[in-house]
Every structure is written in C-alpha cells, then in structure tokens.
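Since the structure comes first, as structure tokens, the remarks are kept for the end.
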Amino acid sequence: MKFLEVDSLDVINTAFRWESSDCILTGRVEAYSCKSAGTDKKLFKQLENRYNGDLLSPGSVSPDDLQVISPFGRLTEAAPRKTFFYLLATLNAAFPEHDFGDVRPDQFVKLPSIDIVVNSVNTTLFNLGNDVIVNRYRLWDILDEIVQLIDCDVYTYIPDMDDNPMDEEEGYLWSMNYFFFNRKLKRMIFFSTTSESMNAPFEDEEEVPGYDDEFTMDGIDN
C-alpha cells in the first residue's frame with residue numbers, strides 16, 4: 001500500500017487528540033493507494049498459498065467453509081481474496097511494528113451501509129466533545145473527495161483481545177476503526193479512534209544529562 005499525502009487530512013489529524021471529562025482520545029485518518037510495496041508481495045503470496053482453491057493443501061480450510069467465514073465472499077475466488085489482502089496490507093502500513101499476516105477473515109466485518117458508519121462516528125465525536133472534525137474540517141466531504149464514499153465498501157477490524165495494536169498504552173478503554181475501500185479507484189481510507197483513561201499512569205520522563213531546569217541560549221544577551 002502506498003501512503004498518500006493529503007493536506008486536508010493532515011489538518012484533520014491536528015484536531016484528532018482531545019480530552020473529555022474522563023478520557024483522552026486520539027485518532028487518525030489516512031489515505032492509501034492500493035499499489036503493492038515490497039512487503040505487500042510477500043503477504044499476497046502468503047494469502048494465495050493459504051486460500052487459493054487451486055493451491056489448497058490437504059488438511060487446510062475447505063473451500064465450502066471459506067464462503068461462510070469470509071465477509072468478502074469465497075476466498076477461493078480472486079476478487080474477495082484481493083479485498084482481504086488490501087485490508088491486511090493497510091493494517092501493516094498503519095501499524096508497521098506489527099505483522100497482520102495471520103489475521104483471520106472472520107476478524108473483519110462488512111458494514112451494511114455508509115450511513116450507519118457516518119452516524120456512528122458523528123455520534124461518538126459529538127458526544128465526546130469534538131464536533132470540529134466533522135463541522136469545521138469537513139471530515140466527510142474530504143473523505144468523499146478522496147474515495148467517493150457512495151462507491152465504498154466499509155469494513156471494521158475486530159482484533160483478538162491479546163493482540164490488539166490499538167491497545168498498547170496504560171489505561172486503554174476502547175477503540176473503533178473503519179476501512180473505506182473503493183475498488184474502482186483502488187484507494188483505501190483508514191480511520192481509527194482510541195480512548196484512554198485520564199487516570200492512566202504516566203512513565204517518568206527521562207532526564208537529559210547536563211541540562212538544568214533553567215537554561216540560556218548562546219548569543220542572546222539577557
């Protein structure tokens with residue numbers, strides 16, 4: 001996946017850290033082009049070997065079962081398998097310190113409509129005191145310009161409790177994530193928000209040797 005530099009998303013992301021009465025919230029919105037990078041090719045080959053009906057080895061998941069457990073359709077078919085690949089590749093790009101090659105198809109859910117997602121995100125942001133992203137920075141207008149939301153399939157990833165890339169800080173409470181995938185444009189938007197408790201302990205900042213609390217700047221007279 002190729003990360004896309006979008007100035008309007010950079011502006012939105014500057015407002016994607018705020019505090020409510022009892023929690024600290026952080027989020028991000030990122031755009032990707034579905035162009036394979038070097039590491040993506042390894043992932044694609046891995047999925048082909050695992051799910052391609054022509055390559056299934058004895059004892060692996062049967063083609064009949066793949067239809068049931070996949071929100072994309074039969075993973076023995078190329079198009080659903082490609083969608084699964086794009087979602088995993090996006091996760092790998094968004095969380096480069098993790099490897100999502102072993103994520104199961106049933107850990108994704110396809111949302112029935114874009115309106116449900118918009119309402120869910122708006123309700124969450126408004127209730128937690130951040131309507132700026134939607135109203136001032138025009139979140140949905142910007143996303144529509146990038147991926148044409150009406151033509152997108154929307155998915156959410158449900159990680160295992162012991163392997164959640166969004167649960168890496170003390171005081172983690174909850175998170176939400178969405179993938180807006182336009183197959184024709186071959187573009188993906190990754191949206192996530194994470195909530196942490198205000199009472200979470202903070203690690204002591206490491207002191208820098210040789211510096212006092214007060215300092216002077218060379219070349220400037222007091």
Side-chain angles (χ1 to χ4, degrees), residues 1-20 23-37 40 71-72 79 82-98 100 108-159 164-169 172-196:
M1 303 295 282
K2 179 181 178 182
F3 178 80
L4 300 178
E5 296 283 351
V6 182
D7 291 343
S8 51
L9 291 186
D10 290 341
V11 173
I12 290 174
N13 285 325
T14 62
F16 237 137
R17 178 179 173 83
W18 77 102
E19 296 181 1
S20 70
C23 62
I24 301 172
L25 299 110
T26 56
R28 56 173 163 162
V29 192
E30 296 174 342
Y32 294 91
S33 172
C34 299
K35 294 182 179 180
S36 297
D40 293 337
F72 323 109
K82 203 67 172 289
T83 299
F84 186 33
F85 160 71
Y86 287 141
L87 293 171
L88 295 186
T90 300
L91 282 173
N92 280 339
F95 302 95
E97 68 280 7
H98 291 264
F100 295 90
F108 288 95
V109 175
K110 184 177 180 180
L111 284 303
S113 75
I114 187 69
D115 290 339
I116 289 176
V117 177
V118 170
N119 289 337
S120 176
V121 171
N122 286 353
T123 299
T124 300
L125 294 177
F126 292 172
N127 287 346
L128 293 173
N130 193 344
D131 63 324
V132 172
I133 291 175
V134 174
N135 293 330
R136 183 187 303 174
Y137 296 136
R138 302 169 42 249
L139 171 66
W140 302 114
D141 290 339
I142 298 300
L143 297 193
D144 192 49
E145 292 171 4
I146 299 171
V147 292
Q148 298 177 7
L149 292 173
I150 195 173
D151 295 325
C152 285
D153 290 327
V154 187
Y155 298 90
T156 186
Y157 166 56
I158 304 175
N164 184 350
M166 287 163 277
D167 179 10
E168 296 188 327
E169 301 293 338
Y172 170 84
L173 297 174
W174 57 265
S175 63
M176 65 178 178
N177 65 83
Y178 295 106
F179 301 77
F180 301 85
F181 176 44
N182 187 313
R183 188 183 306 275
K184 294 180 181 178
L185 296 179
K186 292 187 176 181
R187 286 186 176 180
M188 183 86 72
I189 293 286
F190 175 65
F191 175 100
S192 70
T193 303
T194 302
S195 173
E196 300 170 17

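Positions are given from 1, in the same order as the sequence printed here. Since we're looking at a predicted model, the values are computed, not measured.
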Supply the atom-to-atom distance [X] [atom1] to [Y] [atom2], rounded to the nearest 0.5 angstrom.
{"X": "Cys34", "Y": "Asp40", "atom1": "SG", "atom2": "CG", "result": "9.5 Å"}
{"X": "Asn119", "Y": "Thr124", "atom1": "CG", "atom2": "OG1", "result": "10.5 Å"}
{"X": "Lys186", "Y": "Lys2", "atom1": "NZ", "atom2": "NZ", "result": "14.0 Å"}
{"X": "Thr193", "Y": "Tyr178", "atom1": "OG1", "atom2": "OH", "result": "9.0 Å"}
{"X": "Cys23", "Y": "Trp174", "atom1": "SG", "atom2": "CH2", "result": "7.0 Å"}
{"X": "Leu173", "Y": "Glu196", "atom1": "CG", "atom2": "CD", "result": "8.0 Å"}

Contact between [X] and [Y] at the side-chain level, heavy atoms closer than 4.5 Å - yes or no?
{"X": "Arg17", "Y": "Ile24", "answer": "yes"}
{"X": "Ser192", "Y": "Met176", "answer": "no"}
{"X": "Phe100", "Y": "Leu87", "answer": "no"}
{"X": "Phe3", "Y": "Met1", "answer": "no"}
{"X": "Ile146", "Y": "Ile189", "answer": "yes"}
{"X": "Leu143", "Y": "Trp140", "answer": "yes"}
{"X": "Asp131", "Y": "Leu125", "answer": "no"}

Taking all heavy atoms of [X] and all of [Y], pick out the closest pair and write down the distance.
{"X": "Arg28", "Y": "Asn13", "answer": "CA-OD1, 3.2 Å"}
{"X": "Arg187", "Y": "Val147", "answer": "CB-CG1, 3.9 Å"}
{"X": "Leu128", "Y": "Ser20", "answer": "O-CB, 4.0 Å"}
{"X": "Val29", "Y": "Ile12", "answer": "CG2-CG2, 4.3 Å"}
{"X": "Met188", "Y": "Thr90", "answer": "CG-OG1, 3.6 Å"}
{"X": "Tyr155", "Y": "Thr83", "answer": "OH-CG2, 3.7 Å"}

Passing candidate, ring-ring contact (aromatic ring centres under 6.0 Å, His included) with Phe191, options Phe179, Phe16, Tyr157: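 The ring-ring contact (aromatic ring centres under 6.0 Å, His included) with Phe191 is passed solely by Phe16 among Phe179, Phe16, Tyr157.
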Steps toward side chain to side chain contact (heavy atoms under 4.5 Å, CB included) verdict (Ile114, Ile150): CA-CA 7 Å; Ile114 187 69; Ile150 195 173; 6.0 Å; no
Whether Asn122 side chain and Val134 backbone form a donor-acceptor pair below 3.5 Å: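 Judged by distance alone, no pair lies under 3.5 Å.
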Side-chain (Thr14) to main-chain (Val11) donor-acceptor, under 3.5 angstrom: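 It does hold such a pair.
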Arg138: partners by salt bridge (Lys or Arg N to Asp or Glu O under 4.0 Å), with sequence neighbours left out: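 Checked Arg138 against salt bridge (Lys or Arg N to Asp or Glu O under 4.0 Å); matches are Asp141, Glu145.
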Among Asp153, Val117, Asp151, Leu111, the one residue meeting side-chain contact (heavy atoms from CB on, under 4.5 Å) with Phe180: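 Option passing the side-chain contact (heavy atoms from CB on, under 4.5 Å) with Phe180: Val117.
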Cation-pi geometry met for Arg183 and Phe72 (6.0 Å, 45°):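 Ring-cation test returns no.
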